[in-house]
There are 2 protein chains.
Amino acid sequence: MEPEDVFRTLADGTRRGLFERLAREGELSVSALTAGAGVSQPAVSQHLKALRLANLVGETRHGRTVLYRANPEGLRPLVDWMALYGRFWAARFDALEDLLNRMDQ
Amino acid sequence: MEPEDVFRTLADGTRRGLFERLAREGELSVSALTAGAGVSQPAVSQHLKALRLANLVGETRHGRTVLYRANPEGLRPLVDWMALYGRFWAARFDALEDLLNRMDQ
DNA sequence: CAATTACATAAGCAATGACTTATTTATCCG
DNA sequence: CGGATAAATAAGTCATTGCTTATGTAATTG
């Protein structure tokens, strides 16, 4: 997955809001997500499809309800991009990696 | 600056490409950026304006040329957002924030 | 089995946005 | 000065996109 996909998918506030709720609250059904999303259920389904195509959420069907959850690994392209193009941050990321390596030993 | 602004500004590939070039190559004029951007000079100027409004680039006028440079600090909303919503990544970003705070002292 | 519920898909519409060419503004130079 | 160059702005076009309502599909329930 390219940074392009992740940036574009998270650029919309409503869609990013859905991801945020899933990240905070864990597994949620479409109905649960629709309540409080401020848009219709089809709109939510369309956003969830976009998030799924960007590998940012996963789904499991339970009978007639579908539970969605955030897939944090989908954020990896963003992490990588920041490490590459953050420059100012990059040095600090490197320092972080050093720190992590030392912590892991 | 809100995460919204940064996500939306970096969502466009051409615009993000300009930021990337500035992050890699340092200060560049509009003409230099236009060469290799694949779009016209006005398009580049419009993208630079968007990047500037999102606090992602800075500019300095030198006679009739204007030098742009990346402002990595503008990525902070992204770092913060990832720390909040990355979950899996969160631990590492929290460690990063701690590290940054210690480095700043 | 018919009605209901959960969700996805279809179709259409209005707003946004990324581009273009044309023009403006400002600075440099012969 | 006057022409040329650098960049910004103006105006218009076309594609994308996020929303809506309407409908389809599948699973539960009475």
Side-chain angles (χ1 to χ4, degrees), chain A residues 1-22 25-71 74, chain B residues 1-22 25-71 74:
Chain A
M1 204 63 56
E2 301 296 313
E4 176 80 8
D5 305 303
V6 182
F7 274 116
R8 278 196 39 250
T9 304
L10 293 176
D12 180 72
T14 304
R15 190 159 51 226
R16 195 176 57 259
L18 292 172
F19 178 85
E20 292 171 357
R21 279 193 64 195
L22 290 171
E25 306 178 25
E27 288 195 330
L28 289 173
S29 69
V30 177
S31 338
L33 285 168
T34 299
V39 293
S40 66
Q41 173 266 312
V44 170
S45 280
Q46 287 160 17
H47 283 308
L48 289 171
K49 180 176 186 178
L51 288 166
R52 183 164 42 78
L53 291 178
N55 197 33
L56 285 165
V57 302
E59 50 169 333
T60 313
R61 168 147 233 128
H62 278 93
R64 58 184 166 183
T65 87
V66 179
L67 295 183
Y68 282 84
R69 80 201 62 80
N71 174 29
Chain B
M1 206 62 56
E2 302 295 313
E4 177 80 8
D5 305 303
V6 182
F7 274 116
R8 277 196 31 251
T9 304
L10 293 176
D12 180 71
T14 305
R15 190 158 51 226
R16 194 175 57 259
L18 291 172
F19 178 84
E20 292 171 356
R21 279 194 64 194
L22 290 171
E25 306 178 24
E27 287 195 330
L28 289 173
S29 68
V30 176
S31 338
L33 285 167
T34 299
V39 294
S40 66
Q41 174 265 312
V44 170
S45 281
Q46 288 161 16
H47 283 309
L48 289 171
K49 180 175 185 177
L51 288 166
R52 183 163 42 76
L53 290 178
N55 196 34
L56 285 165
V57 302
E59 49 169 332
T60 313
R61 169 148 233 126
H62 278 93
R64 60 184 164 180
T65 87
V66 179
L67 294 184
Y68 282 84
R69 82 200 61 80
N71 174 30

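Below, chain A is the first sequence line, B the second, and so on; all start at residue 1.
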Q) Under the criterion side chain to side chain contact (heavy atoms under 4.5 Å, CB included), which of B/R21, B/E59, B/E27 is the partner of B/Y68? A) B/E59
Please report the distance, rounded to the nearest Å, between [atom1] in [X] and [atom2] in [N].
{"X": "B/L51", "N": "C/dG17", "atom1": "CG", "atom2": "P", "value": "14 Å"}
{"X": "A/E59", "N": "C/dA6", "atom1": "CD", "atom2": "P", "value": "17 Å"}
{"X": "B/L48", "N": "D/dA6", "atom1": "CG", "atom2": "P", "value": "16 Å"}

Q: Mind running side-chain contact (heavy atoms from CB on, under 4.5 Å) on A/R69 and A/L22 for me, showing each step along the way?
A: CA-CA 5 Å; A/R69 80 201 62 80; A/L22 290 171; 5.5 Å; no
Q) Should A/L10 and A/L56 be marked as a side-chain contact (heavy atoms from CB on, under 4.5 Å) after you check the CA-CA gap, both sets of side-chain angles, and the distance that decides it? A) CA-CA 9 Å; A/L10 293 176; A/L56 285 165; 3.9 Å; yes
Report the distance from atom [atom1] of [X] to atom [atom2] of [Y], rounding to the nearest 0.5 Å.
{"X": "A/L33", "Y": "A/F19", "atom1": "CG", "atom2": "CZ", "answer": "12.5 Å"}
{"X": "B/T65", "Y": "B/R61", "atom1": "OG1", "atom2": "CZ", "answer": "8.0 Å"}
{"X": "B/K49", "Y": "B/L51", "atom1": "NZ", "atom2": "CG", "answer": "12.5 Å"}
{"X": "B/T9", "Y": "B/E4", "atom1": "OG1", "atom2": "CD", "answer": "9.0 Å"}
{"X": "B/R16", "Y": "A/R8", "atom1": "CZ", "atom2": "CZ", "answer": "9.5 Å"}

Q: Would you mind building the protein contact string for nucleotides 10-23 of chain D? One character per nucleotide, 5' to 3', B for base within reach (heavy atoms under 4.0 Å), S for sugar-phosphate only, - for untouched.
A: BB-----SSBBBB-
(Q) I'd like to compare against my own output: the B/S/- annotation of nucleotides 24-30 of chain C with a strict under-4.0 Å heavy-atom distance to protein. (A) ---BB--
(Q) For a side-chain contact (heavy atoms from CB on, under 4.5 Å) check, start with the C-alpha distance between A/L28 and A/L18, then their side-chain angles and the critical distance, and finish with the verdict. (A) CA-CA 10 Å; A/L28 289 173; A/L18 292 172; over 6 Å; no
**Q.** Phosphate-side-chain proximity, B/Y68 and D/dA6, N/O vs OP1/OP2 below 4.0 Å
**A.** no
Q) Which stems does DNA chain D form, counting runs of 3 or more consecutive Watson-Crick or G-U wobble pairs with both distances under 3.5 Å? A) C:1-30 with D:1-30
Q) Does CD belonging to A/E25 count more than 12 external heavy atoms closer than 6.0 Å? A) yes
